[in-house]
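Atoms considered below: every heavy atom in the structure, side chains included; atoms not considered: hydrogens, waters and symmetry mates. The chain is numbered in sequence order, starting from 1.
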Amino acid sequence: MIDLTAMSSAELQSWVIDLLADMFELDKATLTADSNLYEDLDIDSIDAVDLAVKLKQLTGKRLQPEVFKTIRTIGDVVDALAGLTEPAV
């Protein structure tokens with residue numbers, strides 16, 4: 001399992017880019033934090049669900065549906081994962 005708390009924001013972004021490139025056969029060189037999952041990467045709603053499931057498998061943490069619905073870019077995925085490591089207030 002991936003320990004999100006042990007990763008810097010840059011490491012987390014690199015990990016997410018590697019994961020997306022592997023899952024959806026994308027060119028890592030073209031992926032940035034601003035890449036839109038739907039418009040730029042042609043990820044559809046079924047792919048997005050697959051991504052959410054894969055993230056849960058790899059991290060042991062589940063993105064809440066209301067958070068998942070707001071994700072549009074790779075940066076949003078990184079921010080959402082980083083948010084899972086913050087203690088509940």
Looking only at atom types and distance, does a side-chain atom of [X] sit under 3.5 Å from a main-chain N or O of [Y], one as donor and one as acceptor?
X	Y	value
Q13	A10	no
D76	T73	yes
T59	L55	yes

Once you round to the nearest 0.5 Å, how far does [atom1] of [X] lie from [atom2] of [Y]?
X	Y	atom1	atom2	result
T5	L84	OG1	CG	11.5 Å
L58	M1	CG	CE	8.5 Å
D40	S35	CG	OG	5.5 Å

Within one Ile-Leu-Val-Met-Phe-Trp-Tyr cluster: F68 and V53, side-chain cutoff 4.5 Å: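 Looking at the clustering, V53 is in a separate group from F68.
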Verify same cluster id: V16, V49 (apolar side-chain graph, 4.5 Å):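 In one cluster with V16: V49, no.
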Step-by-step side-chain contact (heavy atoms from CB on, under 4.5 Å) determination, V78 to L81: CA-CA 5 Å; V78 172; L81 289 172; 5.9 Å; no
Steps toward side-chain contact (heavy atoms from CB on, under 4.5 Å) verdict (W15, L12): CA-CA 5 Å; W15 180 77; L12 188 54; 4.1 Å; yes
Contact check, side chains of L19 and K54, non-hydrogen atoms, under 4.5 Å: yes
Close side-chain approach of M7 to I2, heavy-atom, < 4.5 Å: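 In short, these two side chains touch, coming nearer than 4.5 Å.
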Name of the residue among I43, L51, D47 meeting side chain to side chain contact (heavy atoms under 4.5 Å, CB included) with M23: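 With M23 as partner, side chain to side chain contact (heavy atoms under 4.5 Å, CB included) holds for just one option, L51.
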Over all atoms of both residues, closest heavy-atom pair of K28 and A21: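 Closest pair (atom of K28, atom of A21, distance): CG-CB, 3.3 Å.
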Candidate pair D22 and D18, rule side-chain contact (heavy atoms from CB on, under 4.5 Å), full reasoning: CA-CA 6 Å; D22 184 50; D18 287 344; over 6 Å; no
E25 CD: over 12 foreign heavy atoms closer than 6.0 Å: no
Enclosure of E66 CD (heavy-atom neighbours >12, cutoff 6.0 Å): yes
Trace of the side-chain contact (heavy atoms from CB on, under 4.5 Å) decision for L41 with L31: CA-CA 9 Å; L41 308 181; L31 303 179; 3.4 Å; yes
Test item: side-chain donor near acceptor, T32 and D34, under 3.5 Å: no
